[in-house]
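Lettering follows sequence order; numbering is per chain, from 1.
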Amino acid sequence: MKKQKTFSTHHALFVKKVRNENILVWFLRFFILIALLGFWELFAYVGLIDSFITSSPSIIVKTIINLFANDNLLYHVGITLYETILGFLIASALGYIIALILWWSERLRRILEPYIVVLNSLPKIALGPLIIIWFGSGSKAIIFMAILIGIIVAIITMLNGFLEADDGKILLLKSMGANKFQILIKLIIPGSTATLISMLKINVGMAWIGSIMGEYLVSRAGLGYLIVYGGQVFKLDLVMASTVVLCILATLMYAVVAMLEKTIIKYKN
Amino acid sequence: MKKILQIENVALTYQTLTDEITAINDLSFDCNDGEFLSIIGPSGCGKTTILSLIAGLIKHTSGKILIDEKPINIKNNDMGYMLQKDQLFPWRTIEKNVYLPLEIKRKLSDENKNYALSLLEKYGLKDFVKKYPSQLSGGMRQRVALIRTLVSNPKILLLDEPFSALDYQTRLAVCDDVYKIIKAERKTAVLVTHDISEALSMSDIIIVLSDRPAKVKSIHHPNLNGDTPLRKRESENFGFWFEKIWKELN
């Protein structure tokens, strides 16, 4: 169906302009990163800043390599990933199911509304001491913390997504004789995939907050533990190195969800 | 001719916390098989509510509504409802959109699927069967919406201002389109509109409603020359009827 089309020189100019702009943006992104790292390294090297307090890019790299060589890094990364991913999956799935139940029953929704509002505004970290007493000071407590932080947001986001369904479409289905379950299956669930994706994106962040917070509070292993431990014994290289690893992992996990989005939402193209 | 729709002394009252509102009061009219009936009235007079009543989506307070001489039954209804917007599901292909009523009524047999596909083919949508609604123009989408109402072979089509979301040019074309399809499939149609010329160009019968609570003010049989809405708009007594109904609405 595509026709071969000839363009004027203005089009070539336009394409070139857009491309140049993109190249500039990418260049400046890298420039900022390189400049930041370069000055950091340089100032630490000449003694303008105290590398004991601020560490330096080369020391961070060395620390990561050392951690890796001692087999420690993968162990800590493994623990944190396990807690984060499990917390993320359970919070998202449970949140989705609870949101479905709340969509189904308007009465239940009205009854539980104030509870959800309170739980949403409560800083979940305040429940830390309770969680430690209930679940002990291991991965279980940390996963619970990650779930607690993620689930409320998951419920609220999904419920709003379900309730946003077009009234006209609901009317249409009803006029065909659809029951509530059919409306759920044919309209509410497939119609809220965009909300599901944005909920998952938010929850990636929430799960990391939950697992790292949890590790700050109780753990004996994991990246959060390394950061707290490093801070306590003033090994700031360790704190910086763990933070860098954390940054990379969190970005990767977000990228996985973003890839999921591209495969699920085909019809938008 | 067989009376396919009979509405006798229907009233509808609904409750709010502070008020009790009579939306419809003593409404009576009927429609023969294969006729095109339009309901026209001032805005807010409850035109859409009447369609909801016929579709069985709302229960009337008193009176009788008979479809084919039987009381309405939502579980097993013979209605095709067409709304202002096409309401196609964006995540379904055109084909899957058209199957929707069959899925809901659990009649997704090969025979019915083939009938649906034959309708799509007959009305020029064959090449778009596997496409998504966002790839179609507004007029084509509205045609798909009409075919979706036809696949379950309804006795009556209920059209709730189905052209009002379209721009004027498309509107005239789609109006013609929809009229031809409805006539070709020999369906009875009830159209709700506030557009006098639209009602005149399509209908065999026009019911003019009063302000709320809605009652039948007058019934007209315009009988304009021409076999399509566009031709009817050109017919010589179009102006006469337009003025007559316009005066009644004011």
Side-chain angles (χ1 to χ4, degrees), chain A residues 1-3 96 99-100 103-104 106-107 109-110 113 157-158 160-201 257-269, chain B residues 48-49 51-58 72-94 96-108 127-128 130-135 145 148-154 156-162 165:
Chain A
M1 290 262 285
K2 264 185 194 163
K3 271 186 266 175
Y96 193 91
L100 275 184
W103 173 83
W104 188 276
E106 194 190 343
R107 183 181 290 153
R109 194 158 73 227
R110 286 187 57 199
E113 199 193 348
T157 312
M158 281 326 299
N160 282 336
F162 295 151
L163 292 174
E164 258 171 30
D166 195 321
D167 287 336
K169 290 192 171 65
I170 294 176
L171 182 77
L172 182 81
L173 285 171
K174 280 186 182 163
S175 79
M176 294 172 187
N179 58 33
K180 203 164 187 178
F181 184 71
Q182 284 175 317
I183 293 175
L184 179 70
I185 296 296
K186 302 290 180 198
L187 174 63
I188 304 297
I189 290 179
S192 60
T193 41
T195 313
L196 174 63
I197 296 289
S198 69
M199 182 271 268
L200 291 178
K201 280 180 175 170
V257 174
M259 259 162 58
L260 195 72
E261 176 177 22
K262 278 198 181 140
T263 46
I264 290 181
I265 306 183
K266 282 173 294 184
Y267 63 86
K268 278 205 168 160
N269 304 318
Chain B
T48 300
T49 314
L51 286 193
S52 296
L53 285 172
I54 300 173
L57 295 171
I58 320 175
I72 38 171
N73 175 7
I74 181 72
K75 278 287 127 221
N76 173 26
N77 73 7
D78 284 320
M79 299 295 156
Y81 210 132
M82 196 171 164
L83 297 142
Q84 258 182 46
K85 291 194 223 142
D86 54 68
Q87 302 295 6
L88 298 177
F89 290 15
W91 56 89
R92 285 173 167 247
T93 57
I94 297 308
K96 290 273 159 61
N97 261 297
V98 166
Y99 291 161
L100 188 65
L102 300 175
E103 288 174 30
I104 298 294
K105 291 172 201 273
R106 299 180 210 289
K107 287 183 190 163
L108 201 62
D127 294 337
F128 300 93
K130 302 281 181 203
K131 297 249 155 83
Y132 288 95
S134 58
Q135 296 167 293
R148 178 181 56 194
T149 64
L150 292 172
V151 293
S152 56
N153 213 353
I156 303 177
L157 295 182
L158 304 173
L159 315 173
D160 188 359
E161 305 201 30

With a 4.5 angstrom heavy-atom cut-off, is it the side chain or the backbone of B:Glu103 that approaches chain A, or both, or neither? both
Segment of B:Leu88 engaging chain A (4.5 angstrom heavy-atom cut-off): backbone
Minimum heavy-atom separation for [X] to [Y], with atom names?
X	Y	result
A:Lys169	B:Pro90	CE-CD, 4.3 Å
A:Met176	B:Lys105	O-NZ, 3.5 Å
A:Leu172	B:Tyr81	CD1-O, 3.6 Å

Leading residue by heavy atom contact count with chain A [cutoff under 4.5 Å; candidates B:Pro154, B:Gly80, B:Ser52, B:Pro101]: B:Pro101
Only counting residues at least two apart or in another chain, list the ones meeting side-chain hydrogen bond (donor to acceptor under 3.5 Å, both in side chains) with A:Glu113. none
Spatial distance of atom CG (A:Leu187) from atom CD1 (B:Ile104) [nearest 0.5 Å]: 9.5 Å
With rounding to the nearest 0.5 angstrom, report the NZ to CZ distance, A:Lys186 to B:Arg92. 5.5 Å
A:Ile185 versus chain B, heavy atoms under 4.5 Å apart: side chain, backbone, both or neither? neither
Tell me which pairs pass salt bridge (Lys or Arg N to Asp or Glu O under 4.0 Å) where either residue lies in residues 187-201 of chain A, with sequence neighbours left out. A:Lys201-A:Glu261
